[in-house]
Student: 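Sharing a structure below in structure tokens format, with a few things to ask.
For clarity, every value in this text was computed on a predicted model and none was experimentally measured. Within every chain, numbering begins at 1; the chains are lettered A, B, ... in the order of the sequence lines, protein sequences first and strands thereafter.
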2 protein chains.
Amino acid sequence: MTEPTGRRERKKAATRQKIADAALRLFLEHGYDAVGIRDVAAEADVAVTTLFSHFASKEALVFEQDEDFEQRLTRAVTERAPHEPLIPALRREIQALVRHCTADSAAPIWHMIDASPALREYEESMRLRHAESLATAIAADPGLPGTPTACRAIARFVIDAYSLARDAADPEAAVGEIFQMIEAAWAVTCPSGNPTGTAGP
Amino acid sequence: MTEPTGRRERKKAATRQKIADAALRLFLEHGYDAVGIRDVAAEADVAVTTLFSHFASKEALVFEQDEDFEQRLTRAVTERAPHEPLIPALRREIQALVRHCTADSAAPIWHMIDASPALREYEESMRLRHAESLATAIAADPGLPGTPTACRAIARFVIDAYSLARDAADPEAAVGEIFQMIEAAWAVTCPSGNPTGTAGP
DNA sequence: AACATAACACTAACCGTTAGGGTTTTGAAT
DNA sequence: ATTCAAAACCCTAACGGTTAGTGTTATGTT
């Protein structure tokens, strides 16, 4: 048996990071559109084909931790405390994610994203994927009552909440406001009685 | 003064239509990815640059009546009967749109769209625009009580309903199910009393 | 009749992305 | 230790969507 982290994997991760760092540095300095793939590859001192073996597209260079986001969402559903109701768990997670990406340190990156139509479009299609996997996680929980359609709808609404809150003047308040709506939308999918353990009468 | 439709405008519209027809014909026959822009231009007997002066991108050739969709949505809000509640009016319109694009005659086109990631991504970003203009229309109605954030959220939910219903096994039932959720979400934005004229208790 | 401009054509390029084909590094098995 | 297969990397050349630059023709106006 070998160690979980062989030299090969370490080198590969290092190369990936080197590319991502070079890309972000150039993008922030000169603007996303003004920097070409060939520039990034040169700055990272790798071949263009190598770059594309680590990242599926130019946009993916920016949304590097895409999968973290997806995992945090689905884990908020699958690994929540037993009998904890669904919506508050999601609300907490979305609140944390919004706080994280509206922090001052992330401001330049999001400014860059907002300035590029290509990046906004990419982020949108990312969110669609996230909504779909969130819907799967929700539908897989046997303790939840929603139909597949209701699960997909709630998943979309949750992702919408994240997206809208990021743009809102007061992100945290927006999360609260939209989750009130989501809570009501979810409650209506439970015919009667104790909706998802929200402590009924 | 000249006629509202001069020769110039007629010729321009004819060229545009000729391009769109040629594109759809080729796309449906050989597949979207297998047909290049140069092929479409040749089939329509125009220069590539002319094609791009009529359509902003290859994907836009497929979603030709994009603006119709947008207008129908906003008009469902702005031109609804006086005192008619918002959500049912939107429900009717979405129902009609879903029926329209799940009709058998539209099946080949939507099959083509589902088969191409580029087209799906483009449609997604189109929906974002539509949600934004729908939100503006809702927020502009002085008879409605929602905050700007609530309006934007409801607009997104409505577009989500359209998108999800199209993919559902029973589209019409899905519209009904999701709009029950939307109705509840909207009701919660009205502190108390008669929520948007839905005939309170 | 003369002019301004909209619509169109042509060429050549830019840029993201991929195919094809080769070299070096790594991990494992003899 | 040697050998081997695969992973990671490199280079070149191209493909396909898109645009800039530069003319040409058709149309509406003066």
Student: Given dA8(D), dT17(C), dG27(C), which nucleotide is nearest the side-chain atoms of Ser57(A)?
Tutor: dT17(C)
Student: Once you round it to whole Å, what is the distance between P of dC9(D) and CZ of Arg16(A)?
Tutor: 12 Å
Student: Return the value, rounded to whole Å, for the distance between atom CG of Leu26(B) and atom P of dG16(D).
Tutor: 15 Å
Student: For Asp39(A) and His30(A), which I'm curious about, is there any donor-acceptor pair between the side chains at under 3.5 Å?
Tutor: no
Student: Assess the side chains of Ser163(A) and Arg156(B): does a donor N or O sit below 3.5 Å from an acceptor N or O?
Tutor: yes
Student: Using atom CG of Asp45(A) as one end and atom P of dC9(D) as the other, report the distance to the nearest whole Å.
Tutor: 12 Å
Student: For Tyr32(A) and dC15(C), give me the distance from atom OH to atom C1', rounded to whole Å.
Tutor: 11 Å
Student: Does a salt bridge link Lys18(A) with Asp45(A), judged by any charged N lying under 4.0 Å from a carboxylate O?
Tutor: no
Student: Ignoring hydrogens and angles, tell me if any N or O in the side chain of Thr50(A) forms a donor-acceptor pair with the backbone of Val46(A) under 3.5 Å.
Tutor: no
Student: I want to check one thing: is the phosphate of dA9(C), taken as OP1 and OP2, less than 4.0 Å away from some side-chain N or O of Thr50(B)?
Tutor: yes
Student: Taking atom types as they are modelled, would you say the side chain of Thr49(A) forms a donor-acceptor pair with the base of dC11(D) within the 3.5 Å cutoff?
Tutor: yes
Student: When you check the phosphate oxygens OP1 and OP2 of dT27(D), does a side-chain N or O of Lys11(B) lie under 4.0 Å from one of them?
Tutor: yes
Student: Whole angstrom is fine here: how far is it from CG in Leu51(B) over to P in dG16(D)?
Tutor: 16 Å
Student: Counting the atoms with a prime plus P, OP1 and OP2 as sugar-phosphate, which does Val35(B) contact under 4.0 Å by heavy atoms, base, sugar-phosphate, or nothing?
Tutor: sugar-phosphate
Student: Between dC8(C) and Thr15(B), is there an OP1 or OP2 to side-chain N/O distance shorter than 4.0 Å?
Tutor: yes
Student: To the nearest Å, how far apart are Glu9(A) CD and dA6(D) P?
Tutor: 18 Å
Student: So, Glu123(A) and Arg166(A), do they make that salt bridge, N to O below 4.0 Å?
Tutor: yes
Student: When you match Val46(A) and Arg8(A) each to their closest nucleotide on DNA chain D, which lands nearer the 5' end?
Tutor: Arg8(A)
Student: Hey, is the side chain of Lys58(B) poking within less than 4.0 Å of OP1 or OP2 on dG16(D), counting only N and O atoms?
Tutor: no
Student: Using a heavy-atom cut-off of 4.0 Å across all strands, would you classify Asp39(A) as base, sugar-phosphate, or nothing?
Tutor: nothing
Student: If I take atom CZ in residue Arg38(A) and atom P in nucleotide dG16(C), what distance separates them, rounded to the nearest angstrom?
Tutor: 7 Å
Student: Does OP1 or OP2 of dC9(D) have a side-chain N or O of His54(A) closer than 4.0 Å?
Tutor: yes
Student: Using whole Å, what does the distance between atom C1' of nucleotide dA7(D) and atom CZ of Phe52(A) come to?
Tutor: 20 Å
